[in-house]
There are 2 protein chains.
Amino acid sequence: MKHAMETYQFFFGALANPNRLHIINTLRQGKKNVTEICTATGIEQTMVSHNLKVLEHHGMVFREKEGKYRYYTVNKKTIKPLLEFIDAHMEEYCCKIMGKKR
Amino acid sequence: MKHAMETYQFFFGALANPNRLHIINTLRQGKKNVTEICTATGIEQTMVSHNLKVLEHHGMVFREKEGKYRYYTVNKKTIKPLLEFIDAHMEEYCCKIMGKKR
DNA sequence: TTCATATGTGAGATAAATATCATATGATAT
DNA sequence: ATATCATATGATATTTATCTCACATATGAA
């Protein structure tokens with residue numbers, strides 16, 4: 001059943017990256033344009049653009065044009081419950097693993 | 001807030017891999033030992049062992065010893081709702097993306 | 001139109017994850 | 001004790017993802 005599982009690889013692959021998670025996290029505070037994301041996260045602009053493209057393609061963020069700016073918002077309907085679900089999983093099955101490596 | 005996000009990278013990193021997803025999928029049918037996982041998935045034994053180790057470390061599967069066999073079970077409490085949640089996300093935000101690349 | 005600011009894209013360089021191989025350990029049977 | 005089957009581990013080879021750089025496009029201002 002490799003086929004059905006490809007969907008999940010697609011999904012998880014989008015989120016298994018520190019820069020993308022950092023961007024998602026900063027967008028949880030509210031919508032931001034690319035430059036604002038850069039200053040908030042300290043990530044270089046072209047890297048931010050590359051990663052925003054991935055996130056948008058995976059439905060994790062949305063984009064809206066405003067003049068010369070592109071404002072991005074996080075997909076709260078997906079991200080919020082997902083992160084909460086993971087918190088619960090980690091609490092129950094991986095308590096005290098983080099803090100060490102991997 | 002890179003710190004809080006590391007947890008999520010840890011979590012997603014465990015699942016963003018085709019072999020590990022393949023193993024998880026085959027374990028959904030019921031518990032299997034390593035050799036059974038190999039034949040069911042077609043993945044080489046050492047690769048299966050390496051990946052099972054990762055999955056166990058992340059609380060995605062559990063292991064129980066039975067004589068010379070090690071039986072693995074999937075963490076249904078996490079995996080089942082997670083995959084269903086992703087199905088819903090994909091349906092709503094990524095419909096018709098899969099089938100193409102990435 | 002020309003310039004400055006904002007953002008996006010492609011390609012090569014770099015880093016990280018995965019696969020493979022050789023071998024180790026552990027258990028049961030002979 | 002030895003042989004065999006089951007599983008695990010470590011090191012290197014290979015693949016894949018990420019980062020960086022040079023440049024492209026787009027918008028609004030001067």
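Here is how names work: the chains are called A, B, and so on, in the same order as the sequence lines, proteins then strands, and each is numbered from 1.
An OP1 or OP2 oxygen of C:dT9 is reached within less than 4.0 angstrom by a side-chain nitrogen or oxygen of A:K53. Checking the phosphate oxygens (OP1, OP2) of D:dT18, a side-chain nitrogen or oxygen of A:N17 falls inside 4.0 Å. The phosphate of C:dA6 (OP1 or OP2) has no side-chain N or O of A:Y72 nearer than 4.0 angstrom.
Stacking of the aromatic ring of A:H50 onto the base of C:dT9 is found: the ring centres lie under 5.5 Å apart and the planes are inclined by under 30°.
Not a single salt bridge (Lys or Arg N to Asp or Glu O under 4.0 Å) links A:R28 to another residue, sequence neighbours left out. In terms of the ring pair (Phe, Tyr, Trp, His ring centres under 6.0 Å) criterion, residue partners of B:F62 (sequence neighbours excluded) are, by chain and number, A:Y93. Take B:E36 and apply the salt bridge (Lys or Arg N to Asp or Glu O under 4.0 Å) test, not counting sequence neighbours, and it matches no residue.
Separating the CG atom of B:N19 from the P atom of D:dT15 is a distance of 15 Å, rounded to the nearest angstrom. Going from atom CD of B:E44 over to atom C1' of C:dT18 covers 14 Å, rounded to whole Å. Rounded to whole Å, the distance from CZ on B:F10 to C1' on C:dA17 is 15 Å. Atom CG in A:L21 sits roughly 14 Å away from atom C1' in D:dT18 (whole-Å rounding). When rounded to the nearest whole Å, the span between NZ of A:K32 and P of C:dA6 equals 16 Å. Atom CG of A:L52 and atom C1' of C:dT7 are 10 Å apart (whole Å). The nearest whole Å value for the distance from the CD1 atom in A:I43 to the C1' atom in D:dT18 is 12 Å. If you measure from atom CD of A:E36 to atom C1' of C:dT7, you get 13 Å, rounded to the nearest angstrom.
Hydrophobic clustering keeps B:Y71 apart from B:I24 (ILVMFWY residues linked when any side-chain heavy atoms are closer than 4.5 Å, directly or through intermediates).
Side-chain atoms of A:Y69 lie closest to C:dT7 of the nucleotides C:dG10, C:dT20, C:dT7.
D:dC19: Watson-Crick or G-U partner is C:dG12, with both key distances under 3.5 Å.
Contacts classified as side chain to side chain donor-acceptor pair (under 3.5 Å) and involving residues 43-54 of chain B (residues at least two apart or in different chains) are given here: B:R20-B:N51, B:Q45-B:S49. Each side chain to side chain donor-acceptor pair (under 3.5 Å) pair with one or both residues in residues 76-85 of chain A, not counting sequence neighbours, appears once here: A:N75-A:T78, A:K77-B:E92, A:T78-B:H89, A:K80-A:E84.
Nucleic acid contact for A:Y71: none, since no nucleic acid atom lies under 4.0 Å from a heavy atom of the residue. As judged by a 4.0 angstrom heavy-atom cut-off over every strand, B:T35 is placed among residues touching the sugar-phosphate backbone only.
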Nucleic acid footprint by protein, nucleotides 22-30 of chain C - heavy-atom cut-off 4.0 Å, B for base, S for sugar-phosphate alone: B----SS--
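The pair A:E56-A:R70 fails the salt-bridge criterion, with no side-chain N (NZ, NE, NH1 or NH2) lying under 4.0 Å from an Asp/Glu carboxylate O.
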